[in-house]
Asker: 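Sharing a structure with you now.
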Amino acid sequence: MLSLVIPIYNEKILINELATRVVKAIELFTTNYEIIFVDDGSTDGSLEALLSFHKENNHIKVLRLSKNFGHQSAFTAGLEYTKGDYIAMMDGDLQDPPELLADMYQKIHAENFDIISGKRTGRKGKSGLSIYTWLFHQIYSSLAGLKNIENTGNFSMMTRNALNAMLSMKEKNRYLPGLRSFIGYTHGYVEYIRDDRYRGKSKMSFYKLMILAADAIFAFSRFPIRFCIVLGIIGTIVFMVAGLYVLIAKATGIALFGWSSTMLSIYFLGSIQLIFMGIVGEYVYRIYKESQNRPLYFVKDFYSN
Ligand code: UDP
Ligand code: MG
């Protein structure tokens with residue numbers, strides 16, 4: 001059986017097209033499937049639209065969360081409710097073509113992979129964020145030391161075995177493509193050109209995307225904190241030399257010390273310290289979140305049959 005998880009947050013205007021296209025794409029290669037739409041606290045009537053599909057087709061299930069928990073938590077919730085032997089995840093805005101599920105399904109069987117990720121080889125249409133996305137992937141793959149991550153997102157299919165491994169990681173700051181790469185197993189790809197979203201506006205604000213990027217980087221990399229230490233050491237050496245010079249200059253009486261140099265060094269050191277405290281704070285905040293150990297989501301209803 002194949003399970004497909006799709007998070008939905010205020011996507012009413014595209015649910016008809018989405019559900020129709022996804023069902024059509026899946027039924028081309030299997031009739032043994034379930035689609036779990038996770039309603040991540042929509043307020044625009046998405047839930048009702050989803051429920052009307054659920055009434056018509058009992059392969060379609062709707063997991064309704066108690067409020068908006070965010071994209072990564074919504075995916076996690078849906079994944080935890082799946083029953084299939086193969087599990088796929090896909091965004092709900094049709095940026096990832098559902099027709100590719102057939103290729104993933106075929107490949108995971110024929111070549112015995114545990115995970116197949118969709119690899120984006122390009123993007124159609126205007127996508128103002130693609131430069132940030134590109135930059136993020138460059139920084140991320142080198143900092144986090146994860147393989148198989150470049151130009152992949154949530155769109156993927158995996159075996160139950162790989163999913164269990166992924167779900168066994170209970171951390172709260174979740175970046176699922178990172179977790180999916182971290183677990184290992186055999187990893188294949190299908191390539192595609194990413195579409196523009198079918199209708200509506202992106203539900204990931206620039207701010208939400210920055211938070212996601214920070215989660216991804218801080219959860220998998222010690223680099224930022226090491227960078228602070230190294231820069232701190234270099235700074236100390238530089239200022240020791242400078243301090244020595246100041247002392248010598250003073251002792252030999254050649255110097256008239258002004259305020260500017262003093263002020264400049266205060267500004268400089270002050271700002272560097274603020275940045276580094278911020279970086280340390282990022283880790284502290286994440287430790288705090290993990291130690292609270294709150295559930296990632298709450299379920300209001302599960303419409304499963
Ligand atoms: N989404 C969600 N909860 C949120 C934000 C987004 O479930 O808080 C869903 C959204 O409905 C869509 C998917 O996650 O199906 C990806 O969101 P979007 O396309 O807006 O993000 P982008 O592609 O712009 O990064
Ligand atoms: Mg999108």
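No hydrogens, no waters, no symmetry mates; every other heavy atom, side chains included, goes into these values.
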Asker: Ring-plane angle category for Tyr86 and His109, please: parallel below 30°, perpendicular beyond 60°, tilted otherwise.
Answerer: tilted

Asker: Are the side chains of Asp39 and Leu63 in contact, using a 4.5 Å heavy-atom criterion?
Answerer: no

Asker: Would you call the rings of Phe268 and Phe239 parallel, tilted or perpendicular, where under 30° means parallel and over 60° means perpendicular?
Answerer: tilted

Asker: So, for Phe37 and Phe53, is the gap between ring centers shorter than 6.0 Å?
Answerer: no

Asker: Under 4.5 Å between any side-chain heavy atoms of Leu4 and Glu34, yes or no?
Answerer: no

Asker: State whether the side chain of Arg174 and the backbone N or O of Met169 hold a donor-acceptor pair below 3.5 Å, judged by distance alone.
Answerer: yes

Asker: Do Leu18 and Leu2 belong together in a cluster built from hydrophobic side chains that touch within less than 4.5 Å?
Answerer: yes

Asker: Could you check if a side-chain atom of Tyr303 sits within less than 4.5 angstrom of a side-chain atom of Ile60, using non-hydrogen atoms only?
Answerer: no

Asker: Find out whether the Lys NZ or Arg CZ of Lys67 is both under 6.0 angstrom from the six-membered ring centre of Phe69 and within 45° of the ring's axis.
Answerer: yes

Asker: Side chains of Glu290 and Asn173: is there a donor and an acceptor less than 3.5 Å apart?
Answerer: yes

Asker: Which pair of non-hydrogen atoms, one from Ile183 and one from Arg180, has the smallest distance, and what is that distance?
Answerer: CG1-O, 3.2 Å

Asker: In terms of hydrophobic clustering (I, L, V, M, F, W, Y; side-chain heavy atoms under 4.5 Å; direct or indirect links), are Phe223 and Leu231 co-clustered?
Answerer: yes

Asker: Is the OH atom of Tyr285 crowded by more than 12 outside heavy atoms at less than 6.0 Å?
Answerer: no

Asker: Any chance you could lay out the salt bridge (charged side-chain N to carboxylate O under 4.0 Å, His left out) test for Lys201 and Glu11, step after step, and finish with the verdict?
Answerer: CA-CA 9 Å; Lys201 279 206 297 264; Glu11 306 282 14; over 6 Å; no

Asker: Any side-chain heavy-atom pair from Leu51 and Val62 closer than 4.5 angstrom?
Answerer: yes

Asker: Would you indicate whether Lys107, at its atom NZ, is surrounded by more than 12 heavy atoms from other residues, nucleotides or ligands within a distance under 6.0 Å?
Answerer: yes

Asker: Mark yes when over 12 heavy atoms from residues, nucleotides or ligands other than Tyr297 sit less than 6.0 Å from its OH; otherwise mark no.
Answerer: yes

Asker: Stepwise, does the side chain to side chain donor-acceptor pair (under 3.5 Å) test hold for Ser117 with His187?
Answerer: CA-CA 7 Å; Ser117 296; His187 209 138; 2.7 Å; yes

